[in-house]
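Below you'll find the structure, written out as structure tokens, and then a few comments.
Predicted, not measured: the structure shown is a model, and the values here were computed from it. Labels below follow one simple rule: chain letters A, B, ... track the order of the sequence lines, proteins then strands, and each chain is numbered from 1.
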Amino acid sequence: MPRAHDLETLLTRAPEEAAPLLLGSHLVSNVDGFEVRVRINEVEAYKGEDDPASHAFRGETDRNRSMFDNPGTLYVYRSYGIHNCANSAAGPKGVGWGILIRSGEVIDGGGFAARRRGRRTDLTDGPGKLCQALGITLEQNGTDLLDPRSTVRLEPGDPPEFVMATPRVGVSKAQDRMWRFVTAVQLSA
DNA sequence: AGGATGATGGACT
DNA sequence: GTCCATCATCCTA
């Protein structure tokens, strides 16, 4: 299990190495005073200008700027005009690497999550759902996930016993990269 | 249980 | 105009 200051070390690695190690960590949000804690069970690596599937493939833009910031910076983007999706910047500053946080299980604050989602089940089993449950919007883009004072942050957790690697979801390019990482818990969900 | 589809906006050709 | 790092709903079985 990574300790708090180890998360920064972990996230400075290449995203395809850091992503599976991030599984089991906690994503905690305190937006509007409601704390929701999620154990991360599914992530994907995106590797900047080396990766045709990455938003950063064509370099830095207004939209993807957070991914080029320090490792542990929150990159939020709007998906299909409707949903928000959350990433952590990875690698050294300036490379545009990131880890998409796709799903998890609610550990605490389930009532707040259910209220935000407008339902009692399927609260955080997808990247858009997870952001809605945690109240993560473009307003939180650029947040330092490694700062304990941040409204959205990463904290250490228990690592999973089993991790499976698969192609990434919803991408048509670079399907040969097995850069989606899932815990056994998420597989059975 | 699984496939099709509409919503909805930004980035890109 | 087309393509999305998606989701909820509405079918068919």
Could you tell me whether the side chains of [X] and [Y] share a donor-acceptor contact shorter than 3.5 Å?
X        : Y        : answer
A:Glu105 : A:Asn41  : yes
A:His26  : A:Arg37  : yes
A:Arg117 : A:Gln132 : yes
A:Asn141 : A:Ser66  : yes

Taking Watson-Crick (N1-N3 plus N6-O4 or O6-N4) and G-U wobble (N1-O2, O6-N3), each under 3.5 Å, can you produce the dot-bracket string of DNA chain B? Use [ ] for crossing pairs and | for inter-strand ones. |||||||.||||.
Over how many whole Å does the gap from [X] atom [atom1] to [N] atom [atom2] extend?
X        : N     : atom1 : atom2 : result
A:Leu138 : C:dA5 : CG    : C1'   : 15 Å
A:Ile101 : C:dT6 : CD1   : C1'   : 17 Å
A:Asn84  : B:dT8 : CG    : C1'   : 13 Å
A:Arg168 : C:dT6 : CZ    : C1'   : 17 Å

With side-chain contact (heavy atoms from CB on, under 4.5 Å) as the test, pick out the partner of A:Ser88 among A:Leu146, A:Leu7, A:Leu145.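 By the side-chain contact (heavy atoms from CB on, under 4.5 Å) criterion, A:Ser88 pairs with just one of A:Leu146, A:Leu7, A:Leu145: A:Leu145.
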With sequence neighbours left out, which residue pairs that include part of residues 76-106 of chain A fulfil the ring pair (Phe, Tyr, Trp, His ring centres under 6.0 Å) condition?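 Ring pair (Phe, Tyr, Trp, His ring centres under 6.0 Å) check on residues 76-106 of chain A returns A:His55-A:Tyr77, A:Tyr75-A:Tyr77.
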If you pin A:Asp122 and A:Ile99 to their nearest nucleotides in DNA chain C, which one's is more 5'?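 Upstream on the strand: A:Ile99.
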Between N or O atoms, less than 3.5 Å apart, protein on one side and nucleotides 10-13 of chain B on the other: list the pairs.
residue, atom, partner, partner atom, Å
B:dT13, OP1, A:Arg58, NE, 3.4

The side chain of [X] lies closest to which of these nucleotides: [options]?
X        : options             : answer
A:Asn87  : C:dA8, C:dC7, C:dA5 : C:dA5
A:Arg119 : C:dT6, C:dA8, C:dA5 : C:dA8
A:Ser172 : C:dC4, C:dT6, C:dA5 : C:dC4

ring-ring contact (aromatic ring centres under 6.0 Å, His included) partners for A:Phe34, two or more places apart: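 With neighbours one apart ignored, the set is A:Phe112.
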Is any NZ, NE, NH1 or NH2 atom of the basic residue among A:Arg78 and A:Glu139 found under 4.0 Å from an Asp or Glu carboxylate oxygen of the other?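 Looking at A:Arg78 and A:Glu139, the cut-off is not met.
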Would A:Arg65 and A:Asp62 pass as an ion pair if we require N to O under 4.0 Å?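 A salt bridge links A:Arg65 with A:Asp62.
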Compare side-chain N and O positions of A:Lys129 against OP1 and OP2 of C:dA8 and report whether any pair is under 4.0 Å apart.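 For C:dA8, OP1 or OP2 has a side-chain N or O of A:Lys129 closer than 4.0 Å.
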Linked, directly or transitively: A:Phe68 and A:Leu74 (ILVMFWY side chains, under 4.5 Å):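 Each belongs to a different hydrophobic cluster.
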For nucleotides 1-7 of chain B, give me one character per nucleotide, 5' to 3': B if any protein heavy atom sits under 4.0 Å from the base, S if the only such contacts are to the sugar-phosphate, - if neither. ------B
Mind listing the side-chain donor-acceptor pairs of residues 164-179 of chain A below 3.5 Å, one per line with the distance, residues two or more places apart or on another chain?
residue, atom, partner, partner atom, Å
A:Thr166, OG1, A:Arg180, NH1, 3.1
A:Arg168, NH1, A:Ala45, O, 2.9
A:Arg168, NH1, A:Asp51, OD2, 2.7
A:Arg168, NH2, A:Asp51, OD1, 3.2
A:Gln175, NE2, A:Val171, O, 2.1
A:Arg177, NH2, A:Asp50, O, 2.8

